Amino acid sequence: MTANILALDTSTENCSVALQWKGEVISKQEYSPRDHTQKILPFVEQVLAEAGVSLTQLDAIAFGRGPGSFTGVRIGVATVQGLAFGADKPMVAVSTLQAMAQQAYVNHASERCLAAIDARMGEVYWGEYHLEEGLMRLVGQELVIKPELLEASANKAAAVGTGWQTYKELLSGQFSGVSVLDSVLYPAARDMLSYAQYAFECGDLVAAENAEPVYLRDKVTWKKLPGRE
């Protein structure tokens, strides 16, 4: 049975919301680098209103747990925590890298994907995914790494995310078999629903008070950023 799940993501420049209700999906997203706090709750209200449902009728609320922008990830987690507390619903954490890989599979039938988000400071957030029973699964670990340190490969794969735009020449040279999908730059809440459904069925849920973002960078690096000492 398909769970009724609301998903939100503000981890990158893309601000997105999606509602899975009785097997149907309603979504809204907008490229909005600096207005996530103003847009995210109105987006939630719009998709709920379109379906004619309230938060209390849902089974869970999913969120993009990162990696991504420090500020964006925090906004997403805090917003969903507030909604989950108010409606007394469990939360589901979904990787932003996995969401992009899932988008590559759904939209382009890609069964292997290399996801890279520009992490600034000369690094990328990186994850390799392979298809398994309709879900893109992580191979190894998610990383924050300088692109030149990634192990080169000639295997065929889809390449998604802003990291492939920022370091296109470098990464395409190292991974000679890739096909860069320029249409998949950012994670979207709609593409988080597949993993959220799987996690819900497995009972991989988190109480609102225990939800945590995933930055990949440690606190030492965070403190080195300008204005963050």
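Being a predicted model, the structure only gives us computed values, none of them experimental.
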Side-chain donor-acceptor pair under 3.5 Å between [X] and [Y], yes or no?
X      : Y      : result
Gln102 : Asp191 : no
Asp118 : Thr162 : no
Thr12  : Asn14  : no
Ser69  : Thr71  : no
His36  : Thr79  : no
Arg137 : His130 : no
Glu24  : Gln20  : no
Asp182 : Gln165 : yes

| query | Could you go step by step and tell me if Ser183 and His108 meet the side-chain hydrogen bond (donor to acceptor under 3.5 Å, both in side chains) rule? | reply | CA-CA 10 Å; Ser183 61; His108 301 276; 3.1 Å; yes
| message | Walk me through whether Phe63 and Met192 qualify under side-chain contact (heavy atoms from CB on, under 4.5 Å). | response | CA-CA 8 Å; Phe63 66 101; Met192 294 180 174; over 6 Å; no
Compare all side-chain heavy atoms of [X] with those of [Y] and state whether any distance is below 4.5 angstrom.
X      : Y      : result
Thr2   : Lys22  : no
Leu205 : Phe200 : yes
Glu128 : Leu97  : no
Val160 : Leu114 : no
Gln197 : Leu193 : no
Ile5   : Val92  : no
Ile117 : Val124 : no
Cys15  : Phe43  : yes

So for atom [atom1], which belongs to [X], do other residues, nucleotides or ligands contribute more than 12 heavy atoms lying within a distance under 6.0 Å?
X      : atom1 : answer
Glu212 : CD    : no
Tyr167 : OH    : yes
Asn210 : CG    : yes
Glu209 : CD    : yes

| message | Tell me whether Arg217 is salt-bridged to Glu123, with the criterion being a basic N under 4.0 Å from an acidic carboxylate O. | response |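 Yes.
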| field | Check against side-chain hydrogen bond (donor to acceptor under 3.5 Å, both in side chains), Ser95 and Glu142 | value | CA-CA 9 Å; Ser95 164; Glu142 293 180 344; 2.5 Å; yes
| task | Taking all non-hydrogen atoms of both residues into account, name the closest pair between Asp9 and Pro187 and its distance. | result |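 In this case the closest contact between Asp9 and Pro187 is OD2-CG, 3.5 Å.
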| task | Identify the two heavy atoms, one from Gln174 and one from Ala152, that lie closest to each other, and give their separation to 0.1 Å. | result |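 Heavy-atom minimum between the residues: O-CB, 3.3 Å.
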| message | Looking only at the aromatic ring of each residue, does the gap between the centers of Trp164 and Tyr186 stay below 6.0 angstrom? | response |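 Ring centroids of Tyr186 and Trp164 are no less than 6.0 Å from each other.
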